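Each chain gets a letter, A, B and so on, in the order the sequences are listed, and its residues count up from 1. Computed from heavy atoms alone, side chains included, the values below leave out hydrogens, waters and symmetry copies. What you see is a predicted model; the values in this text were computed from it and never measured.
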Amino acid sequence: MHHDFIDKYSNLDSPVHRIDSRVKIVFFFSLILICVSTPIYHIRAFFLYFLILIAILTISKIPILHVLRKSLVIIPFVLIIALFIPFTETSETVFRFNDSPDLMMNRWLLFWNVLVKAFISIITLILLNSVTRFDDTLKSLSAFRFPIVLINMLSFFYRYIFVIIDEAERMQRALVSRLFRGRSLIHAKVIGDLLAILFLRSYERGERVYLAMCARGWDGQLLIVDKKPLILKDSAALIIGLAALLLIRLWSV
Amino acid sequence: MIPVIQIEHLSYTYPDGTKALHDISLRIDSGERVGIIGANGAGKSTLILHFNGLLQGEGKVIIDGIPLEKKTLKTIRRKIGLVFQNPDDQLFCPSVYDDIAFAPRNMGLNESEVRDIAEDCLKRVGLLDNSKRGSYHLSWGEKRRASIAAVLAMRPEILVLDEPVSGLDPRGKREIVELLKSIGGTQVMITHDLDRLKSMADRAVVMNKGRIIADDETANILSNQTLLYKAGLI
Ligand SMILES: Nc1ncnc2c1ncn2[C@@H]1O[C@H](COP(=O)(O)OP(=O)(O)O)[C@@H](O)[C@H]1O
Ligand SMILES: [Mg+2]
């Protein structure tokens, strides 16, 4: 069975892929923070953020279609926010825009604000996961003292989510081949049973995995980072990247 | 010579009341290759989980002369390399390399020692090129070999495998049989594959309903049709 893996394309080789993952995490998260904090009417700044992302995309040879397709996940969220915008109070407290032409304009800007920032943020995250292997991301997070329990949970999530999806898919096939359609409400019980079985199986798997961990001398830590200092090239990349972001941000105050 | 595995009058009941082992006694000497055979539910998996204290029943378990108890658990777990039946349970790290490195890291080795061991083990099972992949992407046979490598990385004195050839195609089975032969040392394996039993084990222990009903040279066991029938193996 084939899935779009969370970190598809992260095994490619490019100058971006070769940069230390800690640098990439700091840079991409800074990009998100700086982008979100930029006032929406500085269109040029957002244009430049986009340009940076596109440059990284090109250098890292990630297919642009992949990124665009994955970015569609934000659409429902943005739409929900958009639904509420007509009911939002658009006074200065929402955003300072003193010489605003009229209320309508403000609301559009507000929507635009959410849309652009959400889009840039999601593209940034997709890029991060496309140029960094997930285990490297986790190791870097632990280098940043991210709580070890959360890292372990993410690691198990990444390892087992598709195993569970496969299991669900197999069960669903078994149902369908016995002519199950699942259209009416009566069938809710069947679906409920299926979910219960899935839960029990996952729970039991968890116990077996725990035994397997104990059998190999587990002492509470799953991934251990090799704390290498950053090499010159990586530090330079980080400094240049952050400087560029700061310049754009300061320019648009 | 002291036996590497010595079990005396071991019984075990699961918390839900299932009596899985009745009065098991077993002695395995260093360098032996022992097959444990028996129908589904005979208690084979339950028995091997007692070898390193993952389950603890009534009776005595002595590994390499050391009685298994709370304070010897760590030492004993290092001696026994347990390969679980389902590789998806055994390979829980995001990359194959991390899985192989798991045990050496737990042993407190530094990263360069860990890397040497991991690369050596991956090479032995022929997976060196796959070390950066996630184990989800491996084929079933590759997963099996990765599980074995993950356990070899612990440098165990005794290798214990739960159905190492089940679920594999004939070539996959042959590869595992050859791999186990090349690893050598003391090996205990559960299997249903009577055809391959002779090339994998010199001695066979037959289990039925939680008891050991026969323990002899493999050839003798395999020629005893009544016994195999009684154990539900033919
Ligand atoms: N976690 C468990 N809880 C309760 N009963 C179990 C559990 N695991 C196994 N059993 C039962 O214990 C008996 C022996 O099982 P097992 O050792 O897995 O057999 P085998 O490996 O020989 O097929 C079976 O009757 C099985 O149903
Ligand atoms: Mg079993």
Q | Within 6.0 Å of CD in B:Glu69, more than 12 heavy atoms from elsewhere | A | yes
Q) Is the shortest side-chain N to carboxylate O distance from B:Asp99 to A:Arg216 below 4.0 Å? A) yes
Q. Is the closest side-chain heavy-atom distance between A:Cys214 and B:Leu54 below 4.5 Å?
A. yes
Q: Give the minimum heavy-atom separation between A:Ala215 and B:Asn52, together with the two atoms involved.
A: CB-ND2, 3.6 Å
Q: Determine whether B:Phe84 and A:Leu211 make a side-chain contact, defined as any pair of heavy atoms from C-beta on separated by less than 4.5 Å.
A: yes
Q | Interchain contact, B:Asn86 with chain A, by part (heavy-atom threshold 4.5 Å) | A | side chain
Q.
Take a 6.0 Å sphere around CZ of A:Phe144 and say whether it holds more than 12 heavy atoms from other residues, nucleotides or ligands.
A. yes
Q | Within 6.0 Å of CZ in B:Arg124, more than 12 heavy atoms from elsewhere | A | yes
Q: Mind checking the CZ-CH2 spacing from B:Phe92 to A:Trp218? Nearest 0.5 Å is all I need.
A: 9.0 Å
Q | B:Asp88 with A:Arg159: basic N within carboxylate O range, under 4.0 Å | A | yes
**Q.** A:Asp166 side chain to B:Tyr136 side chain, donor-acceptor N/O pair below 3.5 angstrom
**A.** yes
Q. Checking B:Leu55 against chain A: side chain, backbone, both or neither under 4.5 Å from a heavy atom?
A. neither
Q: Tell me, for B:Arg77 versus chain A, whether the close heavy atoms (under 4.5 Å) come from the side chain, the backbone, both or neither.
A: both
Q: Specify which of B:Leu82, B:Leu91, B:Leu73 makes the most heavy-atom pairs with chain A at under 4.5 Å.
A: B:Leu91
(Q) Just verifying a value: how many Å separate B:Ser95 OG and A:Tyr158 OH, rounded to the nearest 0.5 Å? (A) 8.5 Å
**Q.** B:Tyr14 atom OH: more than 12 heavy-atom contacts under 6.0 Å
**A.** yes
Q: Using non-hydrogen atoms and a 4.5 Å limit, figure out which bit of B:Ala150 sits close to chain A: side chain, backbone, both or neither.
A: both
Q. Salt bridge check: are B:Asp98 and A:Lys139 linked by an N-O gap of less than 4.0 Å?
A. yes
**Q.** chain B contact via A:Tyr160 - which portion, at a heavy-atom distance below 4.5 Å
**A.** side chain
Q | Distance-minimising heavy-atom pair for B:Phe102 and A:Met213 | A | CE2-O, 3.8 Å
